[in-house]
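Written below as structure tokens is the structure these notes are about.
All of these numbers come straight from a predicted model, not from anything done at the bench. Note on naming: letters A, B, ... go to the chains in the order of the sequence lines (proteins, then strands), and numbering restarts at 1 for each one. Atoms considered below: every heavy atom in the structure, side chains included; atoms not considered: hydrogens, waters and symmetry mates.
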Protein chains: 2
Amino acid sequence: MTQSKTDPRVLRTRKLIMDSFIELSAKKEFKDITIKDITTEAMINRATFYYHFEDIYDLLEKVLSEVLLVNLNCSSYQNDELNEEVFVSIFTAITNFQKSLSNRCHRGYEDTIARIIREQLEIIFYKMLEKTESVKEEEALRTIAVILSWGIYGASVEWKRFDMKVPPEEFIKSAIPYLMSGIEIGSRK
Amino acid sequence: MTQSKTDPRVLRTRKLIMDSFIELSAKKEFKDITIKDITTEAMINRATFYYHFEDIYDLLEKVLSEVLLVNLNCSSYQNDELNEEVFVSIFTAITNFQKSLSNRCHRGYEDTIARIIREQLEIIFYKMLEKTESVKEEEALRTIAVILSWGIYGASVEWKRFDMKVPPEEFIKSAIPYLMSGIEIGSRK
DNA sequence: TTCGATATGTCGGATATCCAACACATCGAT
DNA sequence: ATCGATGTGTTGGATATCCGACATATCGAA
């Protein structure tokens with residue numbers, strides 16, 4: 001928006017790092033991925049990584065945010081409405097991401113990942129709720145975003161607990177009524 | 001060998017440029033590819049291109065050389081002998097490269113491309129002949145390399161003239177006797 | 001012809017990236 | 001406990017890359 005163009009080098013480098021991380025995540029568990037692995041794959045210096053990211057969790061956070069945003073822009077296509085399609089695309093994005101992240105669960109790391117995913121979901125939901133020009137005040141929107149983010153994340157955990165037997169689209173469609181129940185979403189502008 | 005490690009940035013940038021060029025070649029004719037196209041795809045500045053390459057023909061030359069060398073290292077695997085397998089892998093590398101380069105022929109550009117391909121072939125053949133520790137003198141090896149390079153390039157032209165009906169492997173295998181005829185290759189060390 | 005529009009190549013000053021080295025933490029082996 | 005090996009995070013000086021501007025060439029349209 002108001003930012004005066006970022007250096008192409010940082011865009012390129014960030015992309016190289018993120019792509020490398022996604023690439024590595026398909027092969028290794030999260031806990032086995034080191035900064036050196038990432039920078040080697042990305043063909044950049046290790047120090048440069050720290051120029052862009054705090055640590056590997058910061059990277060995880062930004063990759064996830066990117067993945068969610070891209071998926072949203074592709075699917076709902078600026079519809080800016082919290083309809084079923086949006087929920088489906090967010091949910092499938094999460095499950096895809098989690099599948100690629102770590103095949104085996106590993107205590108201690110999963111908690112951190114869970115927190116990061118949920119926080120990002122909250123941010124996304126809050127942004128979308130803002131755009132609906134709802135009459136509600138900020139505090140109310142914040143609460144709705146929190147509930148939705150915990151809810152949809154919980155749904156993904158439940159989906160994994162069922163050994164991913166049902167396709168994500170189907171699973172989340174049947175769960176949407178429970179997500180929305182009791183929450184007045186101000187989507188009718 | 002004796003070179004004291006090149007800066008990782010130049011390796012990365014060269015790879016980005018070359019990959020982008022190959023990528024673009026699959027979509028456009030060679031004559032329609034501009035430097036700006038390449039640098040945009042590679043996410044680098046246009047000036048940086050000229051830091052690494054003289055012009056687009058220099059790039060073409062280096063990409064081709066790279067492609068041939070990689071294919072050789074993969075197939076004959078340091079065998080360092082001019083056997084049938086080597087000819088086959090070189091020939092298929094050329095035909096693949098030409099197919100990806102330009103679908104429609106275009107006068108004036110094809111000549112330049114032809115010259116570059118042939119020159120690179122000559123370099124490759126000369127290097128391989130050197131390694132065979134043949135008793136022949138430099139001048140003789142040079143001549144053999146020239147004849148082989150023109151010969152195998154001619155074969156690829158002939159193959160295209162037949163509308164690529166035969167698989168490259170088959171075509172070149174039947175042509176190898178003609179390539180070798182009359183040339184004493186000092187491969188028996 | 002003459003004119004815009006576009007591509008090529010070049011240059012000097014600004015900046016992101018690289019390198020080597022450092023301190024620190026973790027962890028398995030002896 | 002002590003050690004070596006490995007990973008994290010930081011720093012200052014060197015260098016590749018970026019930017020904006022410039023000159024030149026080509027080419028299709030007015």
Side-chain angles (χ1 to χ4, degrees), chain A residues 3-21 23-25 27-63 101-102 106-109 111-113 116, chain B residues 3-21 23-25 27-63 101-102 104 106-113 116:
Chain A
Q3 58 197 357
S4 57
K5 268 198 291 187
T6 58
D7 193 307
R9 279 173 287 186
V10 326
L11 295 177
R12 162 157 49 74
T13 300
R14 286 215 177 104
K15 179 170 163 50
L16 285 171
I17 292 178
M18 290 182 170
D19 287 351
S20 300
F21 175 68
E23 185 74 18
L24 284 173
S25 298
K27 302 182 204 157
K28 289 186 183 185
E29 290 186 55
F30 177 76
K31 79 172 180 61
D32 291 330
I33 297 177
T34 133
I35 311 284
K36 184 97 184 90
D37 291 340
I38 298 171
T39 56
T40 302
E41 172 93 13
M43 301 181 77
I44 59 142
N45 191 274
R46 201 166 54 85
T48 307
F49 176 92
Y50 293 101
Y51 184 87
H52 296 281
F53 304 96
E54 288 249 343
D55 50 28
I56 202 170
Y57 295 101
D58 185 34
L59 169 62
L60 174 62
E61 185 175 308
K62 277 159 181 158
V63 166
L101 251 193
S102 64
H106 193 85
R107 307 290 166 202
Y109 292 93
D111 293 344
T112 308
I113 294 174
I116 290 174
Chain B
Q3 56 197 356
S4 56
K5 270 198 290 186
T6 59
D7 193 306
R9 280 173 286 186
V10 326
L11 294 178
R12 164 160 46 75
T13 300
R14 286 215 176 103
K15 178 170 164 51
L16 285 172
I17 292 177
M18 289 182 171
D19 287 351
S20 301
F21 176 67
E23 184 75 19
L24 283 174
S25 298
K27 303 182 203 156
K28 290 185 184 187
E29 290 185 56
F30 177 77
K31 80 171 180 60
D32 291 331
I33 296 176
T34 116
I35 311 285
K36 184 93 183 91
D37 290 339
I38 297 171
T39 56
T40 302
E41 172 94 12
M43 301 181 77
I44 59 143
N45 191 274
R46 201 166 55 85
T48 307
F49 176 91
Y50 293 101
Y51 184 87
H52 296 280
F53 304 96
E54 289 248 342
D55 50 27
I56 203 169
Y57 295 102
D58 185 34
L59 169 62
L60 175 62
E61 185 176 307
K62 277 159 181 158
V63 166
L101 252 193
S102 65
R104 307 209 133 288
H106 193 86
R107 306 289 165 204
Y109 292 94
E110 284 237 317
D111 292 345
T112 308
I113 294 174
I116 291 174

Interatomic distance where [atom1] belongs to [X] and [atom2] belongs to [N] [whole Å]:
X     : N      : atom1 : atom2 : answer
B:D55 : C:dT10 : CG    : C1'   : 14 Å
A:F49 : D:dG9  : CZ    : P     : 8 Å
A:L59 : D:dG9  : CG    : C1'   : 15 Å
B:I17 : D:dC18 : CD1   : C1'   : 13 Å
B:I38 : C:dA7  : CD1   : C1'   : 12 Å
A:D58 : D:dT8  : CG    : C1'   : 15 Å
A:Y50 : C:dC19 : OH    : P     : 16 Å
A:K36 : D:dA5  : NZ    : P     : 18 Å

Do [X] and [Y] have side chains that get closer than 4.5 Å, going by heavy atoms?
X     : Y     : answer
A:S25 : A:I33 : yes
A:L60 : A:F30 : yes
B:T48 : B:T39 : no
A:E54 : A:E61 : no

Heavy-atom closest contact ([X] atom, [Y] atom, distance):
X     : Y     : value
B:R12 : A:M43 : NE-O, 2.8 Å
A:L59 : A:F49 : CD2-CE1, 3.9 Å
A:K62 : A:H52 : NZ-O, 4.2 Å
A:L16 : A:A42 : O-CB, 3.7 Å

Exercise. Which letter, B, S or -, goes with each nucleotide of nucleotides 12-17 of chain C from 5' to 3', with contact meaning a protein heavy atom under 4.0 Å?
Worked result: ---BBB
Between the protein and nucleotides 25-29 of chain C, which nitrogen or oxygen pairs are less than 3.5 angstrom apart?
none

For this session: Report the distance from atom CD1 of B:I35 to atom CZ of B:F53, rounding to the nearest 0.5 Å.
Result: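 B:I35 CD1 to B:F53 CZ: 10.0 Å, rounded to 0.5 Å.
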Problem set entry | Candidates A:D7, A:T6, A:T13 - the one meeting side-chain hydrogen bond (donor to acceptor under 3.5 Å, both in side chains) with A:R9 | A:D7
For this session: Check for a donor-acceptor pair, side chain of A:D58 on one end and backbone N or O of A:D55 on the other, with a separation under 3.5 Å.
Result: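 No, the answer is negative, given that no donor and acceptor are paired below the 3.5 Å cut-off.
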Check nucleotides 22-26 of chain D for protein N or O atoms closer than 3.5 Å to its own N or O atoms and list the pairs.
none

